[in-house]
Amino acid sequence: MEILYKSTRGNGETVTASQAILKGLADDGGLFVPTQVPALDVPVEKLAEMSYQEVAYEVMSRFFSDFTEEELKHCINSAYDSKFDTKEIAPIREADGAFYLELFHGATIAFKDMALSILPHLMITSARKNQIKNDIVILTATSGDTGKAALAGFADVPGTKIIVFYPKDGVSPIQKAQMVTQRGTNTHVVAINGNFDDAQTGVKKMFNDKALAAELAEAGYQFSSANSINIGRLIPQVAYYVYAYAQLVKKGELNVGDPLRVVVPTGNFGNILAAYYAKQMGVAIEKLICASNENKVLFDFFTTGTYDRKREFILTTSPSMDILISSNLERLIYQIAGSDEEKNRELMRELSENGAYTITDEMKAHLKDFAGGYATEEQTAQTIHDLYEKTGYVIDTHTSVAATVCKAYNAEHADGIKTLIASTASPYKFTRSVMNAIDPKYDDMTDFELIDELSVLSKTKIPQAIEDIRSAPVLHKTVAEVDGMEAAVKAFLQVK
């Protein structure tokens, strides 16, 4: 069955998967969504015996129907290889009554590797399929993790360049070090004097600038995105929820058809949307719990039906979730509006012009698969401390937000349903916050002393991604104002 893609703000026109991957964002500013979510017609018992790569193929082949089997398997096998430090790719760890799906075993020790290791291969294959001659310029904003994972994925890939914008004071020291030491003649990293939403808004503005697109085309370039707004980022994430359910069946923790509760620490809404797509494919997910930090715009939305970004932006110890404009939520809004492009356009216009919108009661009724919760900074630190004291298992700040929300939700709904927590980053990526939560005595140590101490404490090997930055030179020093982002792009591309 052919699955096509249409824009959440369009007029019903469709494109193929490869065309949607290449474009990233639709010409009208909307996000590409599949015309339907395909059913996964493979028995769970069969999936349980498959490798991660085999499950990924079963999932992605249903969505990317214009890729041949050979093309897609090449992309998958090129992505999920020795770059990951475990053959399982996404292992599951049980601790204190919950299952943690560890999504941080890739090259940059964050869940973004799960999709960004395959996106370059999908994109290059898509370019060949569509006879694209221009160089593809990956333009992306990051709150910390997407940037490094995208840079690592696209570094020195022929026919591509990548430009990453990040908030100068809004990422962890390790995240910043990973980005500014990135090698690759086609890579460029720019710090902006602003927050993530400023960076993301600036990137979207450039995507929607027709005059800029024409100027770049003349110079032999075209934009595409590595953010989770790209369907080539989102669909690979569906695979690990399918894999996790099958693995829990294989381990005897679930029987086929048993409900599973999934808790996801959420910023841009892509990771939890992928879990929603897995549910729609047929995975027996009972409820999707959207876990927020103190920037709880999504918690308030699921509680009230009003999405309101007009609030104080709070810098937290879980910076990848410090987001007030959750771009991927638009895909869900479009769906619960009955795939009504006009209604979606109206709500997105309200968000752009007034900073808020309210969905109808009818739309709100379609959110029954979701619940929201949030964790304060104090609760996040306490959960890290308590889980370590009780089990010896160390989690990062983002995972702790989810674990905190999970514990509160399960206490309120004592129904015995098993819970899967998306563990989105290695504790080594946020070492200072993690170690201070375990014991304030670590506060005087340097970042790399803390890393060594964490290795001893957690009885885990220091990831190669961390070892690589100990002595790596800083290669990217560009800083720009928000209104200077376009100039920074042109300077790197040498477009006058």
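Under the 3.5 Å distance criterion, with hydrogens and angles disregarded, no donor-acceptor pair is assigned to the side chains of Y388 and D439. Between the side chains of S423 and T399, a donor-acceptor pair is found at a separation under 3.5 Å. A donor-acceptor contact closer than 3.5 angstrom links the side chains of T383 and T404. The closest side-chain donor-acceptor pair between E377 and T317 falls under 3.5 angstrom.
Using bins of under 30°, 30° to 60° and over 60° for the plane-to-plane angle, the ring pair F370/F302 lands in the parallel bin. The aromatic rings of Y307 and Y357 sit parallel, their planes meeting at an angle under 30°, below the 60° perpendicular limit.
Within 6.0 Å of NZ in K168 there are 12 or fewer heavy atoms belonging to other residues, nucleotides or ligands. Taking a 6.0 Å sphere around CD of E467, one finds it holds more than 12 heavy atoms contributed by other residues, nucleotides or ligands.
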Does the ring-ring contact (aromatic ring centres under 6.0 Å, His included) test come out yes or no for F32 and Y5, once each step is laid out?
CA-CA 6 Å; F32 286 113; Y5 292 81; 7.4 Å; no
Show, in sequence, the C-alpha distance, side-chain angles and deciding distance for T108 and Q178, and conclude whether the side-chain hydrogen bond (donor to acceptor under 3.5 Å, both in side chains) test is met.
CA-CA 8 Å; T108 73; Q178 282 189 301; 5.4 Å; no
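Applying the ring pair (Phe, Tyr, Trp, His ring centres under 6.0 Å) test to residues at least two apart or on different chains, the pairs with a partner in residues 162-195 are H188-F492.
For K204, there are no salt bridge (Lys or Arg N to Asp or Glu O under 4.0 Å) partners at least two apart in sequence or on another chain. Qualifying salt bridge (Lys or Arg N to Asp or Glu O under 4.0 Å) partners for E449, counting only residues two or more places apart in sequence or in other chains: none.
Taking the charged nitrogens against the carboxylate oxygens, R349 and E346 have no contact shorter than 4.0 Å, which rules out a salt bridge. The existence of a salt bridge linking K83 and D113 is excluded, since no basic side-chain nitrogen approaches an acidic carboxylate oxygen closer than 4.0 Å. Salt bridge annotation for K205-E486: absent, with no cationic side-chain nitrogen under 4.0 angstrom from a carboxylate oxygen. A salt bridge links D145 to K429: one of the charged nitrogens lies within less than 4.0 Å of a carboxylate oxygen.
Between T140 and V203, every side-chain heavy-atom pair lies at or beyond the 4.5 Å cut-off.
Contact detail for I21 and S224: the closest heavy-atom pair is O-OG, 3.4 Å.
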